[in-house]
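Below is one structure, written out as structure tokens; the observations come after it.
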Amino acid sequence: MKKWMLIDGNSITYRAFFAMPPLTNSSGMQTNAIYGFTTMLLKLLEEHKPTHIMVAFDAGKTNFRHEQFEEYKAGRQKTPPELSQQFPLLKDLISAFGIAQYEIAGYEADDIIGTLTAKADQQEIETLVISGDKDMLQLASSNVTIAVTRKGVSEVELYSPATIEEKYGLTPQQIIDLKGLMGDTSDNIPGVPGVGEKTALKLLHQFPSVEEVIANLDAQKGKLKENLTNHQQSALMSKQLATIFREVPLELTEEDIVYNGYEPAKLAEQLAKLEFKSLLERLDVTASSGSSEADAKQALSELTIHHLSEQSLDISKLMSALAEEDAKHGLYIEAIGENPHHASLEGIAIAVGDQVYVMQHHLLDTEELAPFKQWLADESIPKYGYDLHKAELVLHWHGIKLGGSYFDVQLAAYLLDPTDGNQLLHTIAERHSLYGLPSDDEVYGKGAKLKLPEQSKLFEHLAVKANIVRQLAPKLDEELEKTSMRSLYYDLEGPLSRILARMEQQGIKVERAELEQQGVELEAALKHITSEIYELAGTEFKISSPKQLGEVLFEKLGLPAKKKTKTGYSTDAEVLEELAPYHPIVPHILNFRQLAKLQSTYIEGLLKEVREETGHIHTYYRQTIAATGRLSSQFPNLQNIPIRLEEGRKIRKAFIPSEPGWSILSADYSQIELRVLAHISGDERLKDAFIHNHDIHTKTAMDVFGVTADQVDSNMRRSAKAVNFGIVYGISDFGLSQNLGITRKEAAQFIEQYFSVFQGVRKYMDDIIAEAKEKGYIVTLLDRRRYVPDIHSSNYNIRSFAERIAMNTPIQGSAADIIKLAMVRMNDELQKRELSSRMLLQVHDELVFEVPPHELETMKQLVPQVMAEAIKLDVPLVADVSYGDSWYEAK
DNA sequence: TGAGTCACG
DNA sequence: ACGTACGTGACTCAA
């Protein structure tokens, strides 16, 4: 038996959009309407098992109703961009479901559906119409049932002619008359003033149609009669507007809307793209069909897994497979622990073709596995893997060398979308329609519950990972090609990952005694301050608890509360500085905070990270975290060692060369971000300032205030400096006013003044936002990409944030590109010149080396030169160099 | 685990 | 009328 299902796509999507919470995918795009639509569709499919389905959409802005009534649907809120963005993806998803969709210029979805139900009536086909709009009730018949959504889209209410009769006492055709009389504000259909649903029903129970009501006006009285008399035309026109047109010239046959079910692979791909994980699981759709468990089994069954052990060490097949001309492998090194310098090595898996070999690392010391160990170390063999940077470090600490250029799927995935946080292998896999890999959390548990499964299970998991890596590598390579980021990967990030690993293995020597001595002094000072604070407060409390501190300051001592946080009073440095004049306790608090920070984070924190054996601190640079392309540093973070205040700066005295007589040499770019801005904006004045090597903040002050160099006082320079910072961050008057402690108006004037002088910069800011809107992403000098979906948001705050990101990322990101380039070049130079100086640290615009005495002269000249020449810009790049016996002296 | 705070570029 | 400067990581407290 045939059963048609006809869905009003626009109406359902609207309902879903407003009914569902604002679900977004990882790139920030809202997907709630699609989600709502999909859950509803699934429910309907299950409950009604249709043989034919069609989803109808409105096409174009106007239709024939506008010719009848210009004001039709006027005054409607514009469709929010968060919703209109969802339509293309929704349409893709409907296709993936194997469901027909249709739209035709000049008609609305109702008309398409009306035309089809007319056919259904002719041929007596059982049909279900789904809409969020009660107008559709006019289509009900003995064959056609109307389902109207309730409570968002999770439930529907079914209407047959009988239920319509029961509820309204009307026939389906009279629904049109009902609307003719009462109108419809959402479509701007006027109807008759003063006539709502109740009155309209009463009238229609008296006379069966608008025409009859009008013909019998004398039966009414008072205001109602007057309104009906004066608005006869309106009522008739409204009726006409509300009438669904049932003779649309459809180029659509019954054949076209047959529903044969969906292809799981196609559907899974779309659902994965939308990141509808729960639906993926619920549907049990995967690329290979069946449940995710079945999928995991399939992923395994396609593989032959060799668990190497003392009893089976034959790798001759593996080695010959790896040696084949275009053999593609996948390498997976499993380490447990976030810090690669301390992580445990749980297993090594390598996939070639459909064969996977898994082993514990200690087997590499056997004679039989020597060829594989050598293969791992071979610098001339490229490796395809996942997070090989971490793997190299973990292997290093286990006495195993990993060499060769890397193609790293994690790093590639990061470049393809640097905002996408973790880049977990199973997420990358699903995004590329490879299913069956459970997440590490599922296999290992997380947090306190972390526990490795028995070895055969663990090895199976590693085998699947290695195999997934093998399959992913070419796909990601292709995507890099499509997004013009191949060069960024192969010439910059790939080589850099190996350089970073080397810097991390080397570490930087730290003099424990220096830190310990400073710690003792801090301890004494803190003790002293603590007792003074208790005395002034008249009570003892936890000074480092913002909650307790707030209570003491604002309740006990009655100081004026300035700012509030979500949880209570704000007590940050900005607030405390303002409070300083009110009470002598305040400066002590500030002092306590400063010293406590030094003690806990920099003295105790760093001491914990010094390796017993070497006396070195080994940080871990993360290459796949920062959305702008910068590095980040962990365990410990060596990119935020104090420098601004002398007390903290002393920490740097503990960072020393690893060999006696050597020096620490540091070189940092001067104003790299503003120079990058001068280059990419092409602003003549800004370029000119750098070409003539002016002090940029003074020059800005001169230009903005229209004065000569000697008229610029320190206050003017300070303001100009803040404006320059603001420009780099994507300026706002509020931000600048906060920073300078001036009014918003004054800040706005500064900004306007700045832009009127630096017109090229203004144009850059406007253009980059336009570009972000048009393309959906912005790029850096080396084609690094960042998507900014929020640029279309209708929410002012969200959109403004996206705009600042669009302005800032090309600047910060290009600066990151440049210093990374300098690192690769510097590494080449050190090798080529056979220098024994070592690159140790990177701090965004600074490179730190340790240098033997006889290379000092060379390095003093070479490092700034390589940094300055890393890239050719329209303005010169300048790097300043300094050196000394510790990082402190290298200033 | 999240919030608040603060260190850096 | 709204409320923000851009990018990070580590520590402490209090649920």
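Below, each value reflects all heavy atoms present in this structure, side chains not excepted, and no hydrogens, waters or symmetry copies. Quick note on labels: first sequence line is chain A, next is B, and so on, each numbered from 1.
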Using a heavy-atom cut-off of 4.0 Å across all strands, would you classify A:A816 as base, sugar-phosphate, or nothing?
nothing

Whether A:R630 and A:E673 form a salt bridge (side-chain N of Lys/Arg under 4.0 Å from carboxylate O of Asp/Glu) is what I want to check.
yes

Quick one: do the A:Q749 and A:Q753 side chains pair a donor with an acceptor below 3.5 Å?
no

- Task: With P as the reference atom in both, quote the distance from C:dT4 to B:dA3 in angstrom, rounded to an integer.
- Result: 14 Å

Note: A:K653-A:E514 ion pair, threshold 4.0 Å (strictly below)
no

| query | Expressed as a whole number of Å, how far does the P atom of B:dA7 sit from that of C:dC2? | reply | 33 Å

Between CD of A:E609 and C1' of C:dA10 the distance, given in whole Å, is 10 Å

From CG of A:L674 across to C1' of C:dC6 the rounded distance in Å is 13 Å

Are any of A:R593's side-chain N or O atoms less than 4.0 Å away from OP1 or OP2 of B:dC6?
yes

Item to complete: Mark yes or no for a side-chain to base donor-acceptor pair under 3.5 Å between A:K597 and B:dC6, with no hydrogen or angle criteria applied.
Response: yes

Practice prompt. Report yes if a side-chain nitrogen or oxygen of A:Q842 is closer than 4.0 Å to either non-bridging phosphate oxygen (OP1 or OP2) of B:dG9; otherwise report no.
Written response: no

Rounding to 0.5 Å, atoms NE2 (A:H389) and CG (A:L500) come to a distance of 5.0 Å

Whichever of A:G605 and A:P418 has the more 5' nearest nucleotide on DNA chain C, that residue is A:P418

Q.
Ignoring hydrogens and geometry beyond distance, is the side chain of A:R644 in donor-acceptor contact with the base of B:dG9 at under 3.5 Å?
A. yes

Check your understanding: Taking the P atom of each, how far is B:dC8 from C:dG3, in whole Å?
Key -> 31 Å

Are A:E752 and A:R762 close enough for a salt bridge, meaning some N to O gap below 4.0 Å? yes

Here the distance between atom P of C:dT8 and atom CD of A:E673, to the nearest Å, is 13 Å

Here the distance between atom C1' of C:dT8 and atom CD of A:Q812, to the nearest Å, is 9 Å

task: Give one of base, sugar-phosphate or nothing for A:A722, where a contact means two heavy atoms less than 4.0 Å apart.
output: base

Practice item. Remember a base hit wins even if backbone is also touched, and classify A:R786 as base, sugar-phosphate or nothing at under 4.0 Å, heavy atoms. Key: sugar-phosphate

Self-check item: Charged tip of A:K446 within 45° of A:Y444 ring normal and under 6.0 Å
Solution: no

Pairing partner of B:dA7, by Watson-Crick or G-U wobble and under 3.5 Å for both distances, is C:dT8

For C:dG3, does the base pair up with any side-chain atom of A:R744 as donor and acceptor (N or O, under 3.5 Å, distance only)?
yes

Could you label the plane-to-plane angle of the A:H341 and A:H618 rings as parallel, tilted or perpendicular, counting under 30° as parallel and over 60° as perpendicular? tilted

So what does A:I731 hit on the nucleic acid, given a heavy-atom distance under 4.0 Å: a base, only sugar-phosphate, or nothing?
base

Separation of C:dT12 atom C1' from A:K542 atom NZ, nearest Å, is 9 Å

Discussion item. Applying a 4.0 Å non-hydrogen cut-off, can you work out what A:D668 is touching in the nucleic acid: base, sugar-phosphate, or nothing?
Written reply: nothing

| query | How is A:A627 classified with respect to the nucleic acid when contacts are heavy atoms under 4.0 Å: base, sugar-phosphate, or nothing? | reply | sugar-phosphate

Sugar-phosphate only, base, or nothing, as touched by A:L631 at under 4.0 Å among non-hydrogen atoms: nothing

A:K547 vs C:dA14: side-chain N/O to OP1/OP2 distance below 4.0 Å:
no

A:K566 NZ to B:dT5 C1', in whole Å, measures 14 Å

A:I625 atom CD1 is separated from C:dG7 atom P, nearest whole Å, by 14 Å

Margin query: Counting the atoms with a prime plus P, OP1 and OP2 as sugar-phosphate, which does A:N637 contact under 4.0 Å by heavy atoms, base, sugar-phosphate, or nothing?
Written below: sugar-phosphate

**Prompt:** Can the positive tip of A:K563 be found less than 6.0 Å from the middle of the six-membered ring of A:Y569, inside 45° of the ring normal?
**Reply:** no

The side-chain hydrogen bond (donor to acceptor under 3.5 Å, both in side chains) partners of A:Q599 (sequence neighbours excluded) come to A:E523

The nucleotide from C:dT4, B:dA7, C:dA5 with an atom nearest the side chain of A:D733 is C:dT4

**Message:** Please tell me if A:T567 has a side-chain N or O lying less than 4.0 Å from either OP1 or OP2 of B:dA3.
**Reply:** no

Note to self: Categorize A:Q634 for me: base, sugar-phosphate, or nothing, with a 4.0 angstrom heavy-atom threshold over every strand shown.
What the structure shows: sugar-phosphate

Remember a base hit wins even if backbone is also touched, and classify A:N797 as base, sugar-phosphate or nothing at under 4.0 Å, heavy atoms. base

So A:T809, base contact, sugar-phosphate only, or nothing? Heavy-atom distance under 4.0 Å.
nothing

* When you check the phosphate oxygens OP1 and OP2 of B:dG4, does a side-chain N or O of A:T571 lie under 4.0 Å from one of them? -> no

A:I641 near the nucleic acid: base, sugar-phosphate alone, or nothing, with a heavy-atom cut-off under 4.0 Å? sugar-phosphate

Q.
Measuring to OP1 and OP2 of C:dC6, would you say a side-chain N or O of A:R804 lies under 4.0 angstrom away?
A. yes

Name the nucleic acid region contacted by A:Q548, choosing base, sugar-phosphate or nothing; use a 4.0 angstrom heavy-atom cut-off, strictly under. sugar-phosphate

- Message: Just N and O in the side chain of A:S732: are any of them under 4.0 Å from OP1 or OP2 of C:dA5?
- Response: no

| message | Regarding A:S544, tell me which of base, sugar-phosphate or nothing describes its non-hydrogen contacts under 4.0 Å with the strands shown. | response | sugar-phosphate

task: Return no unless some side-chain N or O of A:T601 is found under 4.0 Å from OP1 or OP2 of B:dC6.
output: no

Rounded to whole Å, CG of A:L549 lies from C1' of B:dC6 at a distance of 14 Å

*asked:* Check this for me: does the side-chain of A:Q639 come within 3.5 Å of the base of B:dC8 through a donor and an acceptor?
replied: no

Is there a donor N/O on one and an acceptor N/O on the other, under 3.5 Å, for the side chain of A:Y796 and the base of C:dG3?
yes

